[in-house]
Amino acid sequence: MEKNMEQNFVNLEKRVIDCLKNTDFDLLEYNLRGIKDATLVSGVGGSHVVSEFTSKVLREKNKIMAINVEPRDFAYKKLNGFKNVVSCSYGGRNYGVELSFNNNLKHYLLSVNEPIDKNATSLKYNTTIENEKSFISLAATLMPITVMLKYYMSVWTSFVIDNFTDYYLFDKEYIFGENSIFEIFSGIETSTASTYLESTITEAGLGTPIVHDKYSYCHGRSTMSNNYNSTAIYFNMNTELDKLMLDELPKYYKNIIVLNEKNNYSKNYIIQDYLFLVECMYLTKRLAEHQEKDLSGVDYSPIVKKLYKYNGNL
């Protein structure tokens, strides 16, 4: 892949806004509103970040049970009680989509392309800009998530464009240590952003990420800081537990990066998670620059060539 991370971040806002302007939201929203029963949502790689956010929106907006799963889960998971599958894939052509549709449930594809499966319902979003060339999905992740945010928000106004001005010009500096372990303190309210962080830090070879549920950290996971010099990345929602943790963690971590909730959207976890995701994209850009790496042109393992297009028995 070409090392063009800087250009892909320059184009990120343009690509997302182009998607918003060119997507048929009347048709998309009509099809999304038709999802009325228990639903499995699936995606792999950058699209697993999309499927995490999509499952949250369907739970909140459609008032249904919606669970995010990996495509391989369909080879083992009992589907009793579920009626629908939403497969998230930018191109809509990978083996993960095929795996998620290999059942008798009703199929939906959230993609820039129409589904190959003629029985599947299209949840199509559109872009007129050339495809992003990047090992780490940036626009390909943020475009469908923004589309789902638009569906979630009853009153849209100019939320995305107004907020993107702040976040796309985002120039916050972080202090990174030289350690390579990143302990991420998260929860269901910030799960999309933490899923992106875990995936990107791993796939770009930026370090070893460990995601802690904040309450689970209280029950033994704090042992990590006793044995390793880690960087803590903390999603601060200003709860009582957050205040306690942020008082205590500096005693055990030399380096803590705190990502604070956006006060204008306090307790709206869907919007908060979206804004945290955008911030985390810029956080990983800064981390890659600190390590003199490129998120778009990753020096990946040769095994990728053998595994990426695997489509056999799982």
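All residue numbers refer to positions in the sequence shown, counting from 1. Below, all heavy atoms of this structure are taken into account, side chains as well, without hydrogens, waters or symmetry copies. The structure displayed is predicted, hence computed values, not measured ones.
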Donor on one side chain, acceptor on other, Tyr90 and Thr141, under 3.5 Å: no
Lys83 side chain near Leu105 side chain, heavy-atom distance below 4.5 Å: no
Closest non-hydrogen atom pair between Gln291 and Leu206, with its separation: NE2-O, 2.9 Å
Donor-acceptor under 3.5 Å (Ser137 side chain, Ala140 main chain): no
Lys285 charged N/C atom sitting above Phe9 aromatic ring, 6.0 Å / 45°: yes
Side-chain donor-acceptor pair present, Thr39, Asn84, cut-off under 3.5 Å: yes
Test item: Asp273 side-chain N/O and Thr192 main-chain N/O as donor-acceptor pair under 3.5 Å: yes
Met5 to Ala288 - nearest heavy-atom pair and separation: SD-CB, 4.1 Å
Minimal non-hydrogen separation, Glu132 against Ile136, with atom names: OE1-O, 4.5 Å
Backbone of Leu32 reached by a side-chain donor or acceptor of Asn62 within 3.5 Å: yes
Expected output: side-chain Asn311 to main-chain Tyr95 donor-acceptor under 3.5 Å: no
Shortest non-hydrogen contact between Asn4 and Lys133, atoms and distance: OD1-O, 3.1 Å
Residue pair Thr121 / Asn31, side-chain donor-acceptor N/O under 3.5 Å: no
Heavy atoms of other groups near Asp247 CG, more than 12 under 6.0 Å: yes
Cationic tip of Lys56 above Tyr269 ring, under 6.0 Å, 45° of axis: no
Ile303 atom CD1, over 12 foreign heavy atoms within 6.0 Å: no
Any donor-acceptor N or O pair under 3.5 Å, side chains Ser191, Thr195: no
Distance, nearest 0.5 Å, that separates CE of Met224 from CG of Asn226: 10.5 Å
Ion pair check, Lys214 and Asp242, cut-off under 4.0 Å: yes
Test of ring centre spacing under 6.0 Å for Phe276 and Phe235: yes
Asn22 side chain to Thr127 backbone, donor-acceptor under 3.5 Å: no
N/O donor-acceptor pair under 3.5 Å between Asp24 side chain and Leu27 backbone: yes
Cationic N near anionic O, under 4.0 Å, Lys243 to Glu240: no
Under-4.0 Å salt bridge between Glu279 and Lys262: yes
Closest non-hydrogen atom pair, Tyr253 against Ser230: CD2-O, 3.6 Å
Contact summary for Gly220 and Thr223, nearest pair of heavy atoms: O-OG1, 2.9 Å
Point-to-point distance, once rounded to the nearest 0.5 Å, from CG of Leu40 to OG of Ser51: 11.0 Å
Heavy-atom donor-acceptor pair, Arg59 side chain to Ala66 backbone, under 3.5 Å: yes
Flag, side chain of Arg221 to backbone of His212, donor-acceptor distance under 3.5 Å: no
